[in-house]
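What follows is a short report on a single structure.
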There are 2 protein chains.
Amino acid sequence: MASATVEDYLKHIYLLEQADMDNPVAMGRLATTVGVAPGTATAMIKTLANAHLVDYEPRGGVRLTSTGQQMALHVVRRHRLVELLLVEVLSLDWSLVHHEAEQLEHAISDIVLEKIDALLGYPTVDPHGDPIPTAKGHLKYVQPVSLTDCKPGQQGRIARVSDQDTQFLQFAERHRLTPGMGITIDAYDKYGDAVTVSPKHCDSVTLGTNAASKIFVALSKKS
Amino acid sequence: MASATVEDYLKHIYLLEQADMDNPVAMGRLATTVGVAPGTATAMIKTLANAHLVDYEPRGGVRLTSTGQQMALHVVRRHRLVELLLVEVLSLDWSLVHHEAEQLEHAISDIVLEKIDALLGYPTVDPHGDPIPTAKGHLKYVQPVSLTDCKPGQQGRIARVSDQDTQFLQFAERHRLTPGMGITIDAYDKYGDAVTVSPKHCDSVTLGTNAASKIFVALSKKS
DNA sequence: ATTTTTATTTTGTCTATCCAAAATTCCGGT
DNA sequence: ACCGGAATTTTGGATAGACAAAATAAAAAT
Ligand SMILES: [Mn+2]
Ligand SMILES: [Mn+2]
Ligand SMILES: [Mn+2]
Ligand SMILES: [Mn+2]
């Protein structure tokens, strides 16, 4: 069995690869993400490379092998199903579940995982709108459109909020910017660096493009 | 924060003290229970003694300090609430939950724990009939009567099945010897080493005293 | 009172992670 | 072609846990 430490490395490599168009992950970035000193990451990556879980070119970065990716997806699946369980069954706040799942993802057996999956009705996305890999490691990866890519007048519903920071999530919740919510793009000021949106039946909000880039929407057919 | 390893030591010391009338726990017994070599236990106990979590007399055994006991009870609370969650909410089999809880007990935060407690309706006993400590570490410790102390003709209901072995629990389940079940003691043959009981509306079973001693009943007022 | 047996502690080693700081490599700008 | 700085790797050292086997103390048996 992989240790919690190894599982976290694999998961983070996966997420970083994903977020950067499948380019190999730089050591510095990985170290920061995992929260260790650079040398620590280098040492660990050598171990993972020996176990054929990653491909590693010194100074060229890391990338998962298919075995490594499979393991990473399994961790991601546990993480996201746990998040959903915490929100749906235990009524834990949306903004807190990521932190809790960070531990629980390493303590859930396959048996329990499948029970959770069944109880939740085999869901496909977690509370932040991130897709949940299947037991076989398949993942429907539909990248919705970022708010920064929307034009004024367009409508849709929020599909994903891609930041796990509690503060940010609380902000989003306060302004009803949560997955599923229907919204209208009111204005987009490229030079003023701001996007204004109106969640259905709620007050409109103006976001800096920094924040707006973390919110993704599925646009309605006709704009 | 205490590591999972430390938490397990504290929990097992607590359970062993409990099971042996508050006598100090012998190192050998502790080592076996925790599943490590004797020397490993000795080393760990020295660490725990330094942290004032146990009192330790070389060659005299260990016992928890009140701080240690408080921490142990907190682990036991998590363990038992998780067991109940697994059975009640996730429909996991009675005989498997102990094993699963062994990992999960170290990954549940206080916030999540209280949510579980609330969801289950503030229960007082776990699926095996073991009492659940309160958040403040209080524990109603009602030791019911073992089957081996019952007389033929007596009636009652099963209160506790005190063994975590999956095989034994499956056996118990197969014969309806699970907490809550009403039973009648049919015969007790001290020299033949056997007890025969009838679960309500089910076939009677004959148990060796070894097995019978693990099953506790709350006797009905009138026998 | 010895001797034998058993339980416990010591000692010597290992592995997995981690950090700090020194050494190296590489890349971009001159 | 060369230099400086950023990223990365090496090196040296720490800590938590764990095992095996030798040493010791305590208990039991003779
Ligand atoms: Mn994690
Ligand atoms: Mn999520
Ligand atoms: Mn445990
Ligand atoms: Mn139990």
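Residue numbers begin at 1 in each chain, while the letters A, B, ... track the order of the sequences.
Residue contacts shown for A:T5 are limited to sugar-phosphate atoms, with no base heavy atom under 4.0 Å away. As judged by a 4.0 angstrom heavy-atom cut-off over every strand, A:T47 is placed among residues making no nucleic acid contact. Looking at heavy-atom distances under 4.0 Å, A:G28 makes contact with sugar-phosphate atoms alone, never a base. Nucleic acid contact class of B:A26 (heavy atoms, under 4.0 Å, all strands): sugar-phosphate only.
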Atom pairs and distances, donor-acceptor, side-chain atoms in residues 160-171 of chain B, under 3.5 Å, two or more places apart:
{"from": "B:R160", "atom 1": "NH1", "to": "B:D130", "atom 2": "OD1", "distance (Å)": "2.6"}
{"from": "B:R160", "atom 1": "NH2", "to": "B:Q143", "atom 2": "OE1", "distance (Å)": "3.0"}
{"from": "B:D163", "atom 1": "OD1", "to": "B:D165", "atom 2": "N", "distance (Å)": "2.6"}
{"from": "B:D163", "atom 1": "OD2", "to": "B:K214", "atom 2": "NZ", "distance (Å)": "3.0"}
{"from": "B:Q164", "atom 1": "OE1", "to": "B:H128", "atom 2": "NE2", "distance (Å)": "3.3"}
{"from": "B:D165", "atom 1": "OD2", "to": "B:Q167", "atom 2": "N", "distance (Å)": "3.3"}
{"from": "B:D165", "atom 1": "OD2", "to": "B:F168", "atom 2": "N", "distance (Å)": "3.0"}
{"from": "B:T166", "atom 1": "OG1", "to": "B:S95", "atom 2": "O", "distance (Å)": "3.2"}

Residues 97-110 of chain B, side-chain donor-acceptor partners within the protein, below 3.5 Å, at least two apart:
{"from": "B:H98", "atom 1": "ND1", "to": "B:H79", "atom 2": "NE2", "distance (Å)": "3.0"}
{"from": "B:H98", "atom 1": "ND1", "to": "B:E83", "atom 2": "OE2", "distance (Å)": "3.2"}
{"from": "B:H98", "atom 1": "NE2", "to": "B:E102", "atom 2": "OE1", "distance (Å)": "3.4"}
{"from": "B:E100", "atom 1": "OE1", "to": "A:S109", "atom 2": "OG", "distance (Å)": "2.7"}
{"from": "B:E100", "atom 1": "OE2", "to": "A:S109", "atom 2": "OG", "distance (Å)": "2.8"}
{"from": "B:E102", "atom 1": "OE1", "to": "B:K11", "atom 2": "NZ", "distance (Å)": "3.2"}
{"from": "B:E102", "atom 1": "OE2", "to": "B:K11", "atom 2": "NZ", "distance (Å)": "2.6"}
{"from": "B:E105", "atom 1": "OE1", "to": "B:K11", "atom 2": "NZ", "distance (Å)": "3.2"}
{"from": "B:E105", "atom 1": "OE1", "to": "B:H79", "atom 2": "ND1", "distance (Å)": "2.7"}
{"from": "B:E105", "atom 1": "OE2", "to": "B:K11", "atom 2": "NZ", "distance (Å)": "2.9"}
{"from": "B:H106", "atom 1": "ND1", "to": "B:E7", "atom 2": "OE1", "distance (Å)": "2.7"}
{"from": "B:H106", "atom 1": "NE2", "to": "B:D8", "atom 2": "OD1", "distance (Å)": "3.0"}
{"from": "B:H106", "atom 1": "NE2", "to": "B:D8", "atom 2": "OD2", "distance (Å)": "3.4"}
{"from": "B:H106", "atom 1": "NE2", "to": "B:E102", "atom 2": "O", "distance (Å)": "3.2"}
{"from": "B:S109", "atom 1": "OG", "to": "A:E100", "atom 2": "OE1", "distance (Å)": "2.8"}
{"from": "B:S109", "atom 1": "OG", "to": "A:E100", "atom 2": "OE2", "distance (Å)": "2.8"}
{"from": "B:S109", "atom 1": "OG", "to": "B:I111", "atom 2": "N", "distance (Å)": "3.4"}
{"from": "B:S109", "atom 1": "OG", "to": "B:V112", "atom 2": "N", "distance (Å)": "3.2"}
{"from": "B:D110", "atom 1": "OD1", "to": "B:H74", "atom 2": "NE2", "distance (Å)": "3.1"}

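Atom C1' of nucleotide D:dG17 and atom CG of B:L30 are separated by 14 Å, given to the nearest angstrom. As a whole-Å value, the separation of A:K46 NZ from D:dT8 C1' is 10 Å. What separates CE of B:M44 from C1' of D:dA18 is a distance of 10 Å, to the nearest Å. A:R29 has its CZ atom 11 Å from the P atom of D:dT8, to the nearest Å.
Mapping A:P58 and A:A4 onto DNA chain C by nearest heavy atom places A:A4 at the nucleotide closer to the 5' end. Looking at which nucleotide of DNA chain C each of A:V34 and B:G39 is closest to, the 5′-most match is held by B:G39.
Nearest heavy atoms, B:W94 versus B:P127: NE1-O, 2.7 Å.
With respect to the salt-bridge test (charged N to carboxylate O, under 4.0 angstrom), the residues A:D20 and A:R29 do not qualify. We find that B:R78 and B:E114 are not joined by a salt bridge, their nearest charged nitrogen and carboxylate oxygen being 4.0 Å or further apart.
Close approach of DNA chain C to chain A, defined as any atom under 4.0 Å from a non-hydrogen atom of the protein, starts and stops at C:dT17 to C:dC26.
In A:D22, the CG atom is crowded: over 12 heavy atoms of neighbouring residues, nucleotides or ligands sit closer than 6.0 Å.
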